[in-house]
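Everything on this sheet refers to the single structure shown next.
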Number of protein chains: 2
Amino acid sequence: MEIQKTSLVNIVIERIKNSILENKLKPNDKFLTEKELTEQLKVSRTVVREALISLQAVGILKIKPGGGIYIADTKLGTINSILKHHYETYGVKIRELIEIRKVIELGALRLIIEKQVPLDIQQLKEINESYLQAITTNGDTKKFDRIFHQSLIKATDNDTFYDFSEIIHQYFALVRIDLTENQDSLIESYKQHNEIVDAIKDNDLLHAQKTMTAHFEPIFTFIKKMEEES
Amino acid sequence: MEIQKTSLVNIVIERIKNSILENKLKPNDKFLTEKELTEQLKVSRTVVREALISLQAVGILKIKPGGGIYIADTKLGTINSILKHHYETYGVKIRELIEIRKVIELGALRLIIEKQVPLDIQQLKEINESYLQAITTNGDTKKFDRIFHQSLIKATDNDTFYDFSEIIHQYFALVRIDLTENQDSLIESYKQHNEIVDAIKDNDLLHAQKTMTAHFEPIFTFIKKMEEES
DNA sequence: AAATGAAAATTGGTCTGACAATATTATAAC
DNA sequence: GTTATAATATTGTCAGACCAATTTTCATTT
């Protein structure tokens, strides 16, 4: 007997959601005001407000004090706060998150090669060269490393996969991890990036995945050491 | 300048979250009542209610009319409504979701074998036998198929991976897909299940993944046919 | 003493009206 | 035309009231 009691607020929430879909409203579009909603839906302002706040909480609407109500522009962004709570509440292990990242990256390689998606090899190489330059000039290495891996995920021609990958990444960002990387290990990463791209070009999934696995090795040994110390 | 103006409601939300963490409240624990919160936090009932509703929307609290406020027991469950919106708003392709499922399942096999987690082979076999019985007696085949795959994910010794896998599964459940399966194809699935288990037992990752890939083949061809028709 | 059931108290749901804080728009001054 | 200021619109917060659902209390019955 899992019957949901339909409160007025829930009804209003559904109506608003439908209204958004029916009117094909896009992110940052202006929505109706509280006043308009109370008049159209013929419910109290209280109910309207609670519905709006609820929809804002799950990232569908964005309420601007004094400025009106808008369609939120974050695709799956509000999941962040939920993940934060999940992370704080349940004892999430760093190792778990890294394993998931590895699954995603290896999976991306498989999708790219198996599906034979058109891939801009040159662009990947260029990103990696920027990565190298950041390494040699003490630049923002993490930025270009992230762009490289993001590009791989994007290349899978699977937007939903990319969205979830981003979620995992943001989840991962909750964890402070101080992996001190010296220049040598960074250059090794650079070489691995190139090796992965070449393997993709050659449709050599095994080689690509093997290199990616090696790419993950340092962080796994780091985690293992951390776990042993604690 | 992305400074968030801290409305009273947001402050109350943070306080309540902290309160939950500090008091180490667990799912289904009873929380404070609206009255108690208004008195403790010295804000109006309106603010308290809007904060509570917001926290309910993201799956942290559960409000029972007349019965009080409780800590919600859904780990990442409330993400569902967000995913539903995501699915309805952005044109999510079924193919994308299946590809993600494949990445997860293949990743699970890798984790199981590479990490050499202790695995109850016998139990997996038994689940699969229940699957076979369901096939031959026109029983609930989907149920046991799901249990089998769930067990594999669980066996990775990675709770977070399992949680995300469940999210994807629930996302997938949004899609109505009528893949008519005859007895023969179901029995083929049963055999593949067994083959996968045996491959795991033999630490043969390649074989396990190859079989799993074959296991996914029917649904991919089905999707391809669907896409061609539309 | 235990079980039943009605009454009372508690708790969340909705409504109304008011005023404050913020953002937008219109107006006036230059 | 631009800028500064005032007026308006919109969301934020508050208070009080009543309704609906649940829980508790307690008298009644067995």
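Protein chains get the first letters and strands the later ones, always in sequence-line order, with residue 1 at the start of each.
At whole-Å resolution of the value, NZ in Lys62(B) and P in dT11(C) are 19 Å apart. Residue Leu61(A) contributes atom CG, which lies 15 Å from atom C1' of dT10(D) at whole-angstrom precision. Between Lys35(B) atom NZ and dT23(D) atom C1' the separation is 16 Å, expressed in whole Å. Atoms NZ (Lys64(B)) and P (dG12(C)) sit 12 Å apart, rounded to a whole Å. Here the P atom of nucleotide dA9(D) and the CZ atom of Phe31(A) are 21 Å apart, to the nearest Å. Rounded to whole Å, the distance from CD on Glu34(A) to P on dT24(C) is 15 Å. Distance CD (Glu39(B)) to P (dC14(D)): 15 Å, rounded to an integer number of Å. Put simply, CD1 on Ile53(A) is 14 Å from P on dT14(C), counting in whole angstrom units.
Relative orientation of the Tyr171(B) and Tyr87(B) rings is perpendicular, given thresholds of 30° and 60° on the angle between their planes.
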**Request:** Carefully, step by step, assess Glu129(B) and Lys125(B) under the rule salt bridge (Lys or Arg N to Asp or Glu O under 4.0 Å).
**Result:** CA-CA 6 Å; Glu129(B) 288 310 312; Lys125(B) 291 272 191 182; over 6 Å; no

**Request:** Could you check Leu119(A) against Leu124(A) for side-chain contact (heavy atoms from CB on, under 4.5 Å), going step by step and ending with a plain yes or no?
**Result:** CA-CA 9 Å; Leu119(A) 190 58; Leu124(A) 284 170; 4.1 Å; yes

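Taking for each of Glu50(A) and Lys30(B) the nucleotide of DNA chain C with the nearest heavy atom, the 5'-most of the two is the partner of Lys30(B). Toward the 5' end of DNA chain C, the nearer of the two residues Glu36(B) and Ser44(A), judged by each one's closest nucleotide, is Glu36(B).
Using a 4.0 Å heavy-atom cutoff across all strands shown, Ile69(A) reaches sugar-phosphate atoms only and no base atom.
Taking side-chain N and O atoms only, Arg45(A) has no distance below 4.0 Å to OP1 or OP2 of dC15(C). In this model, the phosphate group of dG13(C) is approached by a side-chain N or O of Arg49(B) to a distance below 4.0 Å at OP1 or OP2.
By the neighbour-count criterion of 12 heavy atoms within 6.0 Å, atom CZ of Arg95(B) is densely surrounded, having more than that number from other residues, nucleotides or ligands.
Across dG12(C), dT10(D), dC15(C), the shortest atom-to-atom separation from the side chain of Val43(A) is found for dC15(C). In the set dT14(C), dG13(C), dT13(D), the nucleotide with an atom closest to the side chain of Thr46(A) is dT14(C). Side-chain atoms of Val9(A) lie closest to dT14(C) of the nucleotides dT14(C), dC14(D), dG12(C).
In this structure the side chain of His149(B) reaches within 4.5 angstrom of the side chain of His215(B), judged on heavy atoms.
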